[in-house]
Amino acid sequence: MRIPRAIHRWSLTPRQAIALQQRLRGRVRVEPLVWPVRRVAGADMAFSPDGRRCVAGVVVYDLQTHEVVEQALAWRDVRFPYVPGLLSFREAPAVLAAVRKLKIPPDAFILDAQGYSHPRRLGLASHVGLLMESPTVGCAKSRLCGTHDDPPAWPGTFAPLRDGDEVIGAVLRTRPGVKPVYVSVGHRVTLDDAVRLVMTCVTRYRVCEPTRLAHQLVTRHRGDMD
DNA sequence: GCGACAG
DNA sequence: ATCTTGTCGC
């Protein structure tokens, strides 16, 4: 898959990274996703025991056949520490490298991270969506910021995730009796699209299929870091 | 100053 | 994220 030339570099100090997020946030577009969506990509990462190497994996899931139609992996040296709010500077380079290896551009991507529900509204899902110029959705397993009530018990329902008066995401119940997930807009989708896409990709587990399969893929390759 | 904090 | 076994429950 073709990805536009780099807009910026990744070797930045935390302070510069924050300044960059402020400059890029205005470029994120919230617009309707084109349905029906058939090929959905899930991306995830795994790290070596010493934390110096990482591998990113992307799995493309066909919603019509429920089959994996393509997958790719990319290894990298870890060059940025984990800092809440700056996850993209640690993980995006490897994720983008793996995405570049795909033959066909997926209709949308689901990232195991926040998108709009971020202190500066530019979580990993939004950041990579912007760089790929592709539709992305953020679907995290825990909260980064914002407040919310418990979502209803019924699968598919959600409670709005708020930051003051603004709705920044949805705390979505994907399955009965399990913790909800944090869904937010990445790029070129609306929050309704994001919730609908995640629910469409859910089968019998809490996390949706593309994300779950990507997690399995990188976990299987955690041993061979090159 | 204290607590929170995606992966 | 990663380090780690068994164990409670459906």
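Protein chains get the first letters and strands the later ones, always in sequence-line order, with residue 1 at the start of each.
Rounded to whole angstrom, the span from the NE2 atom of A/H215 across to the P atom of B/dG7 amounts to 10 Å. Atom C1' of nucleotide C/dT2 and atom CZ of A/R53 are separated by 17 Å, given to the nearest angstrom. One interatomic measurement links the two molecules: CG of A/L144 to C1' of C/dA1, which rounds to 15 Å at whole-angstrom precision. Atom NE2 in A/H148 sits about 13 Å away from atom C1' in B/dA6, given to the nearest Å. As a whole-Å value, the separation of A/L124 CG from B/dG7 P is 10 Å. Distance A/D50 CG to C/dA1 C1': 13 Å, rounded to the nearest Å. Atom OH of A/Y116 is separated from atom P of B/dA6 by 20 Å (rounded to the nearest Å). Taking atom CG of A/L87 as the reference point, atom C1' of B/dA4 lies 16 Å away to the nearest angstrom.
Contact annotation for A/G51: no contact, since no heavy-atom pair falls under 4.0 Å across all strands. Among the heavy atoms of the strands lying under 4.0 Å from A/A140 are primed sugar atoms or P, OP1, OP2 only; no base atom is included. Across all strands shown, A/A46 has heavy atoms under 4.0 Å from sugar-phosphate atoms exclusively, and none from any base. Within the 4.0 angstrom heavy-atom criterion, base atoms lie near A/Y82.
For the OP1/OP2 pair of B/dG7 and a distance below 4.0 Å, the side-chain nitrogens and oxygens of A/K141 include at least one atom meeting the criterion. Of the side-chain N and O atoms in A/R143, none sit less than 4.0 angstrom from OP1 or OP2 of B/dA6. OP1 or OP2 of B/dA6 has not a single side-chain nitrogen or oxygen of A/S117 nearer than 4.0 Å.
Between B/dC5, C/dC3, C/dA1, one nucleotide has an atom nearer to the side chain of A/P49 than all others, and that is C/dC3. Closest to the side chain of A/D112, from the set C/dT2, B/dA6, B/dG7, is B/dG7.
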Would A/Y61 and A/E70 count as a side-chain hydrogen bond (donor to acceptor under 3.5 Å, both in side chains) if you check the C-alpha gap in whole Å, the side-chain angles of each, and the deciding distance to 0.1 Å? CA-CA 8 Å; A/Y61 183 74; A/E70 207 185 339; over 6 Å; no

Step by step, work out the side-chain hydrogen bond (donor to acceptor under 3.5 Å, both in side chains) result for A/T13 and A/R15. CA-CA 5 Å; A/T13 62; A/R15 165 169 259 164; over 6 Å; no

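A donor-acceptor pair shorter than 3.5 Å cannot be found between the side chains of A/D224 and A/W75.
Evaluation of A/Y182 against the base of B/dA6 yields no stacking contact (centre distance < 5.5 Å, interplanar angle < 30° required).
Between the A/Q114 side chain and the A/V183 main chain, no donor and acceptor come within less than 3.5 Å of each other.
What you find for A/V37 and A/L63 is that their closest heavy atoms are O-CD1, 3.5 Å.
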